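Here is the naming used below: chain letters follow the sequence lines, and residue numbers restart at 1 for every chain. All values reported here derive from a predicted model rather than from experimental measurement.
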Number of protein chains: 2
Amino acid sequence: MRRDVFQAIADPTRRAIILLIALQAMTPNAIAQHFDTTRQAVSKHLRILTECQLVKQKQSGREIYYELNETRMKEIDKWLEQFRKIWESRFNELDKVLLTIKNKKK
Amino acid sequence: MRRDVFQAIADPTRRAIILLIALQAMTPNAIAQHFDTTRQAVSKHLRILTECQLVKQKQSGREIYYELNETRMKEIDKWLEQFRKIWESRFNELDKVLLTIKNKKK
DNA sequence: TAGTTATGAAACCATTCGGTTGCAAATATA
DNA sequence: TATATTTGCAACCGAATGGTTTCATAACTA
């Protein structure tokens, strides 16, 4: 059973849950009210999100508030960073080429 | 059959393929040599990546060069942008609170 | 032209996924 | 204490996923 952030955000319901609790920590019951599924299905999603540490739990009596773990979210950004670097360096290459052309003209 | 960027990048092999062709456009055969699977499996991954427009094809005789579609990649970044905004506004809220405390002290 | 190479598509298979229902445990409340 | 509420977990089910093997087609090449 693979459990990483990318697999976690692959499901649209989970992405919606993430967005919900990003705005405000919520209990499973409260979250489930926003969706057209059973509370248990939401509970399963929360388990997956917990397993890859995208969400944190805060117990308050019998209620459990789920909140987003920003650090883990930033891992997705870190993955994208690779590509930004690649594109940037490619842009610099293009820059060099343009500079060469410019110098040849002189 | 759902076909969106998030489902596409959920698979680790597909993420590796994306990184490979981000550096240089490649043919399916060349890509497959980097992995421990059959060419056909890679071909399937490329189909999925094509379907959600994460990659573009460039035919050259009987060879097909696959290259990354940067625009689609930026959609992932756009999704993350939401959260940056939420966190930022939350930070500003905190800022307001701190300002209020500061003013009360005066 | 005959044979090789590059590629995609179809059929099949075991595993995973996302959902459901039913149940048990812990906490709150009358 | 008896009842209601909040939650997680297990068992089950149909669909999707990722892989394989086999095959057809198009394009190079000897």
Side-chain angles (χ1 to χ4, degrees), chain A residues 1-21 24-69 72 76 79, chain B residues 1-21 24-69 72 76 79:
Chain A
M1 209 188 315
R2 193 163 45 80
R3 268 310 105 95
D4 60 55
V5 281
F6 296 101
Q7 187 256 349
I9 64 165
D11 182 78
T13 305
R14 279 199 290 274
R15 284 201 301 281
I17 291 174
I18 288 171
L19 191 57
L20 259 182
I21 64 172
Q24 189 180 22
M26 291 175 89
T27 65
N29 253 324
I31 295 168
Q33 281 169 5
H34 288 80
F35 299 97
D36 199 25
T37 55
T38 58
R39 180 192 57 75
Q40 284 90 335
V42 170
S43 195
K44 264 189 157 188
H45 284 306
L46 287 170
R47 196 157 91 92
I48 290 165
L49 292 171
T50 305
E51 276 170 6
C52 69
Q53 295 171 294
L54 260 172
V55 303
K56 291 177 286 187
Q57 303 177 13
K58 266 193 186 158
Q59 193 101 26
S60 163
R62 67 180 160 180
E63 291 180 326
I64 300 172
Y65 284 86
Y66 283 86
E67 60 180 53
L68 198 56
N69 182 3
R72 249 315 187 265
I76 306 164
W79 184 70
Chain B
M1 210 188 314
R2 194 162 46 78
R3 265 311 104 95
D4 61 55
V5 280
F6 296 100
Q7 186 257 347
I9 64 166
D11 182 78
T13 305
R14 279 199 290 273
R15 284 202 301 281
I17 290 174
I18 288 172
L19 191 57
L20 259 182
I21 63 172
Q24 190 181 19
M26 291 176 88
T27 64
N29 252 325
I31 295 168
Q33 281 169 5
H34 288 80
F35 298 97
D36 198 24
T37 56
T38 58
R39 180 193 56 77
Q40 285 88 338
V42 170
S43 193
K44 264 189 157 189
H45 283 307
L46 287 171
R47 196 157 90 91
I48 290 166
L49 292 171
T50 305
E51 276 170 6
C52 70
Q53 297 171 293
L54 261 172
V55 303
K56 290 177 287 187
Q57 302 177 12
K58 267 193 186 156
Q59 193 101 28
S60 162
R62 67 180 163 180
E63 292 181 326
I64 299 173
Y65 283 86
Y66 284 84
E67 59 181 52
L68 198 56
N69 181 2
R72 244 324 184 261
I76 306 162
W79 183 71

Hits for side-chain hydrogen bond (donor to acceptor under 3.5 Å, both in side chains) against B:Gln40, two or more places apart or cross-chain, chain-then-number order -> none
Using atom types as modelled and distance alone, determine if a side-chain donor or acceptor of B:Ser60 lies under 3.5 Å from a backbone N or O of B:Glu63.
no
Please identify each residue that fulfils side chain to side chain contact (heavy atoms under 4.5 Å, CB included) with A:Arg39, with sequence neighbours left out.
A:Asn29, A:Ala32
Partners meeting salt bridge (charged side-chain N to carboxylate O under 4.0 Å, His left out) with A:Glu67 (sequence neighbours left out):
A:Lys56, A:Lys58
Here the distance between atom C1' of D:dT17 and atom CZ of B:Arg14, to the nearest Å, is 8 Å
Of all residues at least two apart in sequence or in a different chain, which pass the side-chain hydrogen bond (donor to acceptor under 3.5 Å, both in side chains) check with A:Gln24?
none
Main chain of B:Cys52, side chain of B:Arg72: is a donor-acceptor contact present, judged purely on distance under 3.5 Å?
yes
From OG1 (A:Thr27) to CD1 (A:Ile21), nearest 0.5 Å:
11.5 Å
Any residue of residues 30-46 of chain B with a heavy atom less than 4.0 Å from an atom of DNA chain D
B:Thr37, B:Thr38, B:Gln40, B:Ala41, B:Lys44, B:His45
Tell me, please, which residues at least two apart from A:Lys44 pass side chain to side chain contact (heavy atoms under 4.5 Å, CB included).
none
Taking CZ from B:Arg47 and C1' from D:dT20, how many angstroms apart are they, rounded to a whole number?
16 Å
Should A:Val42 and A:His34 count as side-chain neighbours, where that means a heavy-atom distance under 4.5 Å?
no
If the condition is side chain to side chain contact (heavy atoms under 4.5 Å, CB included), which residues does B:Asp11 pass it with, not counting sequence neighbours?
B:Thr13, B:Arg14, B:His45
Counterpart residues, ring-ring contact (aromatic ring centres under 6.0 Å, His included), relative to A:Tyr65 (two or more places apart):
none
Find the distance B:Ile9:CD1 to D:dG18:P and express it as a whole number of Å.
13 Å
Could you identify which residues of residues 49-67 of chain B place a heavy atom less than 4.0 Å from some atom of DNA chain C, listed by residue number, or say none?
B:Arg62, B:Glu63, B:Ile64, B:Tyr66
Return the set of residues passing side chain to side chain contact (heavy atoms under 4.5 Å, CB included) with A:Ile64 (not counting sequence neighbours), or none when no residue passes.
A:Gln57, A:Gln59, A:Tyr66
Please check if atom CZ in A:Arg3 has more than 12 non-hydrogen atoms from other residues, nucleotides or ligands closer than 6.0 Å.
yes
With axes from five pairs an end, tell me the bend angle of the helix from C:dT1-D:dA30 to C:dA30-D:dT1, nearest 10°.
20°
Hey, does the side chain of A:Asn29 come within less than 4.0 Å of D:dT5's phosphate (OP1/OP2), counting only N and O?
no
Going 5' to 3' along DNA chain C, which nucleotides are the first and last within contact of chain A (any atom under 4.0 Å from a heavy atom)?
C:dC17 to C:dA28
